[in-house]
Amino acid sequence: MSTTFTLDTSTSRAHPVPEPVRRLTVPAISKRKGGEPIVMLTAYTARMAQLLDPHCDLLLVGDSLGQVIYGLDTTVKVTLEMMIAHGAAVVRGSYRSVVVIDLPFGSYEESPETAFRTASRVMQETGAAAVKLEGGAVMAPTVKFLSERGIPVMAHVGLTPQAVNALGGYGARGRSEAEAAKILDDARAVAEAGCFALVVEGVVEPLARDITAAVACPTIGIGASPACDGQVLVVDDMLGMFERVPRFVERFDDLAARISDAAARYAGAVRERRFPGDAQLYR
């Protein structure tokens, strides 16, 4: 289907929509601390971004695409090229949401300077507004370095999937007093370093509340607490594309079953020569 739009000659900016739509901004998200809950979902393709964009404040191009899109067993195997390709697609497919892109494992940990080179490339080649990186106090200097140079950073503490080999699995964090104190210190460190928002993943609920109360930036929970300033889920988990999902996921649909049913009906129509029919033919 093609659509013709009237060229807006009052501006040099291209608007591939009937009316210009102003995106949300990183500062606008930062101001939502303690206010209206922030809605965030992952997106990996332009079409999914189009569908999610009207309902979300943030779209995260997560390195979870390694498992969801590519069938990998861990996010550690995700490459920078993967993130850039999918990040650019999500930016093209969205007009309202702030698009945040994960920096993949190995692309930023070496030094703040390495992180800057990676993040600047991601933003230049995708048009995204911000990047996300995992890690607590050890990454605070990097968060500060990037933030001071015009790169908005979303931080990520608690269960950090890129560190799954060091953590020994995907279990909830913060069950011991010592571990909870460490995660709380990590959250304070990256918040004070200048992150505009903080993902808190897979921690015991009281710890998520403590983190939200302790930091000035909004917290985005995933397996954390309703007290967080916002929530995020992997969109394929939320849509019911997989039967087995983490405990913290609610399947808001059973899309896998609906897709399977549609494919079965298509296959039947082909085998019975009911498709294509007259409506699909060129006469």
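Just so you know, these numbers use all the heavy atoms, side chains as well, and skip hydrogens, waters and symmetry mates. The structure displayed is predicted, hence computed values, not measured ones.
If you take CZ on R283 and CG on D278, they are separated by 5.0 Å, rounding to the nearest 0.5 Å. The line from OG1 of T42 to CG of D237 is 8.0 Å long, rounded to the nearest 0.5 Å. With rounding to the nearest 0.5 angstrom, the CD1 atom of I29 is 5.0 Å from the CD1 atom of I38. To the nearest 0.5 Å, the span separating CG on L60 from NZ on K132 amounts to 5.5 Å. Considering OG1 of T118 and CG of L146, their distance stands at 9.5 Å, rounded to 0.5 Å. Of the inter-residue distances, the one linking R117 atom CZ with S111 atom OG reads 6.0 Å to the nearest 0.5 angstrom.
T212 places a side-chain N or O within 3.5 Å of a backbone atom of A208 that can act as its donor or acceptor partner. Under the 3.5 Å distance criterion, the side-chain polar atoms of D53 are matched with a main-chain donor or acceptor of S97. At distances below 3.5 Å, at least one donor-acceptor pair connects side-chain atoms of R32 with backbone N or O atoms of P37. Proximity of a side-chain donor or acceptor of Q231 to a complementary backbone N or O of S225 within less than 3.5 Å is detected. With R92 contributing its side chain and A49 its backbone, the two residues share no donor-acceptor pair below 3.5 Å. Checking side-chain atoms of R173 against main-chain N and O of V157 turns up no donor-acceptor pair under 3.5 Å.
Considering T74, D73, T79 in turn, D73 is the only one that fulfils the side chain to side chain donor-acceptor pair (under 3.5 Å) rule with K77. Of the candidates I211, V153, I220, I211 is the only one forming a side chain to side chain contact (heavy atoms under 4.5 Å, CB included) with L198. Tested against D102, the residues M83, H156, E134 include a single side chain to side chain contact (heavy atoms under 4.5 Å, CB included) partner, M83.
Taking the charged nitrogens against the carboxylate oxygens, K144 and E148 do have a contact shorter than 4.0 Å, which makes a salt bridge. With respect to D229 and K33, a salt bridge is recorded, a charged nitrogen being found less than 4.0 Å from a carboxylate O. For the pair R258 and D254, the salt-bridge criterion is not met [side-chain N within less than 4.0 Å of a carboxylate O]. Using a cut-off of 4.0 Å between Lys/Arg side-chain N and Asp/Glu carboxylate O, R209 and E205 are scored as salt-bridged.
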Could you please spell out the steps behind the salt bridge (Lys or Arg N to Asp or Glu O under 4.0 Å) verdict for R149 and E113?
-> CA-CA 11 Å; R149 287 159 178 78; E113 291 79 9; over 6 Å; no
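Here the closest non-hydrogen pair linking A172 and R175 is CB-NH2, 3.7 Å. Contact between S147 and C195 at its shortest, heavy atoms only, is OG-N, 4.5 Å. Of all non-hydrogen atoms in Y44 and H86, the two that sit nearest each other are O-ND1, 2.8 Å. For the residue pair A128 and I101, the shortest heavy atom distance occurs at CB-CD1, 3.5 Å.
You'll find the side chain of R23 reaches within 4.5 Å of the side chain of S94, heavy atoms only. Two residues are said to be in side-chain contact when any heavy atoms from C-beta on lie closer than 4.5 Å; T75 and Q67 meet this criterion. Residues I151 and F145 are not in side-chain contact: their nearest non-hydrogen atoms beyond the backbone lie 4.5 Å or more apart. For the pair F105 and V78, the minimum side-chain heavy-atom distance is 4.5 Å or more. At a threshold of 4.5 Å between non-hydrogen side-chain atoms, the residues I84 and V122 count as touching.
Heavy-atom neighbours of E177 CD from other residues, nucleotides or ligands within 6.0 Å: at or below the threshold of 12. In Y266, the OH atom is not crowded: 12 or fewer heavy atoms of neighbouring residues, nucleotides or ligands sit closer than 6.0 Å.
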